[in-house]
Undergrad: 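Encoded as structure tokens, here's the structure I'll be asking about.
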Amino acid sequence: MQIRQVEPGDEHAVWNILKPIFRAGKTYCLARDVSRAEGLRYWSGGNHKAFVQEDGSQMLGTYFLCPNQGGGGAHVANAGFATAAAAQGKGVARAMLAHAMDTARGIGFRAMQFNFVISTNTRAIALWKSAGFDTVGRLPGAFEHPTDGFVDALIMYRDL
């Protein structure tokens, strides 16, 4: 398995990972009917550096890395992760998180923060905690989950 930066021509495979996650509406604050163009722009546009994890020709997951804020907060990284349905539970997210933290450290970030971790996303929360992230804030009822109603969002943080 290899993790590399997204290249031209990866859009179709990246969208195939993102589309079912965005359509489910359970983990990202995007419209469930977000267009392909808007979804890909969110993932890899602007100041986001997007990466993919692949095994041969099979794309297993993708993540983006960016500054959490500008100016005085630009030393804190932010990231988003998505794993292909068939690759879930196989260590893909854990490998991408390790790569993201190493990459962030290597380009000068001093910490990483996840701004809006949906409290029902227990697998992600367990992974972030196992990697040393602490919950530093809770936003009560901040996310409207499609089946669970209004649920909390967590702010998670760790030094790099």
Undergrad: Can you list every side-chain hydrogen bond (donor to acceptor under 3.5 Å, both in side chains) pair that touches residues 119-128, not counting sequence neighbours?
TA: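 Matches after skipping sequence neighbours: none remain.
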
Undergrad: Tell me, please, which residues at least two apart from Arg23 pass side-chain contact (heavy atoms from CB on, under 4.5 Å).
TA: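 Partners of Arg23 under the side-chain contact (heavy atoms from CB on, under 4.5 Å) test: Trp15, Lys19, Val34.
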
Undergrad: Quick one: does His12's side chain have a donor or acceptor within less than 3.5 Å of a partner on Gly9's backbone?
TA: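 Pair absent, no side-chain N/O of His12 close to backbone of Gly9.
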
Undergrad: Are Leu139 and Phe116 side-chain neighbours, meaning at least one heavy-atom pair lies under 4.5 Å?
TA: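 Side-chain contact under 4.5 Å: yes.
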
Undergrad: Could you walk me through whether Thr83 and Ile17 pass the side-chain contact (heavy atoms from CB on, under 4.5 Å) check?
TA: CA-CA 7 Å; Thr83 302; Ile17 294 170; 5.9 Å; no

Undergrad: Counting the benzene-type ring for Trp, do Tyr28 and Phe22 have ring centres under 6.0 Å apart?
TA: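 That pair passes the under 6.0 Å test.
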
Undergrad: Taking side-chain contact (heavy atoms from CB on, under 4.5 Å) as the test, write out the residues that go with Ala131, two or more places apart.
TA: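 Here the qualifying residues are Leu97, Met101, Phe133.
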
Undergrad: Could you go through the side-chain contact (heavy atoms from CB on, under 4.5 Å) check for Met112 and Leu65 one step at a time?
TA: CA-CA 10 Å; Met112 186 172 281; Leu65 180 68; 3.8 Å; yes

Undergrad: With sequence neighbours left out, what residues match Ala31 under side-chain contact (heavy atoms from CB on, under 4.5 Å)?
TA: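 Testing Ala31 for side-chain contact (heavy atoms from CB on, under 4.5 Å), a comparison that skips the adjacent residues, returns Asp33.
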
Undergrad: Please identify each residue that fulfils side-chain contact (heavy atoms from CB on, under 4.5 Å) with Pro146, with sequence neighbours left out.
TA: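 Lys26, Arg32.
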
Undergrad: To the nearest 0.5 Å, how far apart are CD1 in Ile118 and SG in Cys29?
TA: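 Rounded to the nearest 0.5 Å, the CD1-SG separation comes to 5.0 Å.
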
Undergrad: Among all residues two or more places apart in sequence or in another chain, which pass the salt bridge (Lys or Arg N to Asp or Glu O under 4.0 Å) test with Arg105?
TA: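 For Arg105, the residues satisfying salt bridge (Lys or Arg N to Asp or Glu O under 4.0 Å) (neighbours in sequence not counted) are Asp102.
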
Undergrad: Quick check on Arg110: does its CZ atom have over 12 non-hydrogen neighbours (other residues, nucleotides or ligands) under 6.0 Å away?
TA: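 Counting neighbours around CZ of Arg110, 12 or fewer heavy atoms of other residues, nucleotides or ligands fall under 6.0 Å, so no.
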
Undergrad: Under the ring pair (Phe, Tyr, Trp, His ring centres under 6.0 Å) rule, collect the residues that match up with Tyr63, sequence neighbours excluded.
TA: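 Expected list: Phe51, Phe81, His99.
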
Undergrad: Filter on side-chain hydrogen bond (donor to acceptor under 3.5 Å, both in side chains), then keep only pairs touching residues 84-98, sequence neighbours left out; what's left?
TA: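 As it turns out, the side-chain hydrogen bond (donor to acceptor under 3.5 Å, both in side chains) pairs with a partner in residues 84-98, which skip direct neighbours, are Arg94-Ser130.
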
Undergrad: Among residues two or more places apart or on two chains, list those pairs meeting salt bridge (charged side-chain N to carboxylate O under 4.0 Å, His left out) that have a residue in residues 68-86.
TA: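 For residues 68-86: none.
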
Undergrad: Is there any side-chain hydrogen bond (donor to acceptor under 3.5 Å, both in side chains) pair reaching into residues 38-55, and which pairs are they, with sequence neighbours excluded?
TA: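 Residue pairs with at least one partner in residues 38-55: Gln2-Glu54, Arg4-Glu54, Trp43-Thr62.
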
Undergrad: According to a 4.5 Å side-chain heavy-atom criterion applied to Ile, Leu, Val, Met, Phe, Trp and Tyr, with indirect links allowed, do Leu18 and Leu30 form part of one hydrophobic cluster?
TA: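 In one cluster: yes.
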
Undergrad: Of Val136, Thr135, Asn115, which meets side-chain contact (heavy atoms from CB on, under 4.5 Å) against Leu154?
TA: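 Testing each of Val136, Thr135, Asn115 against Leu154, the sole residue satisfying side-chain contact (heavy atoms from CB on, under 4.5 Å) is Thr135.
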
Undergrad: Looking only at atom types and distance, does a side-chain atom of Asn78 sit under 3.5 Å from a main-chain N or O of Gln113, one as donor and one as acceptor?
TA: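 Yes: the side chain of Asn78 pairs with the backbone of Gln113.
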
Undergrad: Report the C-alpha separation of Lys129 and Met156 in whole Å, then their side-chain angles, then the decisive distance to 0.1 Å, and conclude whether the side-chain contact (heavy atoms from CB on, under 4.5 Å) test is met.
TA: CA-CA 9 Å; Lys129 285 183 177 181; Met156 301 185 77; 3.8 Å; yes

Undergrad: Of all heavy-atom pairs between Ile21 and Ala82, which one has the smallest distance, and what is that distance?
TA: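 Minimum heavy-atom contact is CD1-CB, 3.6 Å.
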
Undergrad: Please collect all side-chain hydrogen bond (donor to acceptor under 3.5 Å, both in side chains) contacts where either partner lies in residues 140-155, sequence neighbours excluded, each pair once.
TA: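 Sorted result for residues 140-155: Arg138-Asp152, His145-Thr147.
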
Undergrad: Determine whether Phe64 and Val6 satisfy the following criterion, side-chain contact (heavy atoms from CB on, under 4.5 Å), listing intermediate values before the conclusion.
TA: CA-CA 9 Å; Phe64 69 77; Val6 167; over 6 Å; no

Undergrad: Quick one: salt bridge (Lys or Arg N to Asp or Glu O under 4.0 Å) partners of Asp134, sequence neighbours excluded?
TA: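 With neighbours one apart ignored, the set is empty.
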
Undergrad: Under 4.5 Å between any side-chain heavy atoms of Ile3 and Met96, yes or no?
TA: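 Result yes, sub-4.5 Å side-chain heavy-atom pair found.
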
Undergrad: With side chains defined as the heavy atoms from C-beta onward, is the minimum distance between Ile155 and Val117 less than 4.5 Å?
TA: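 No, every pair of side-chain atoms sits at 4.5 Å or beyond.
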
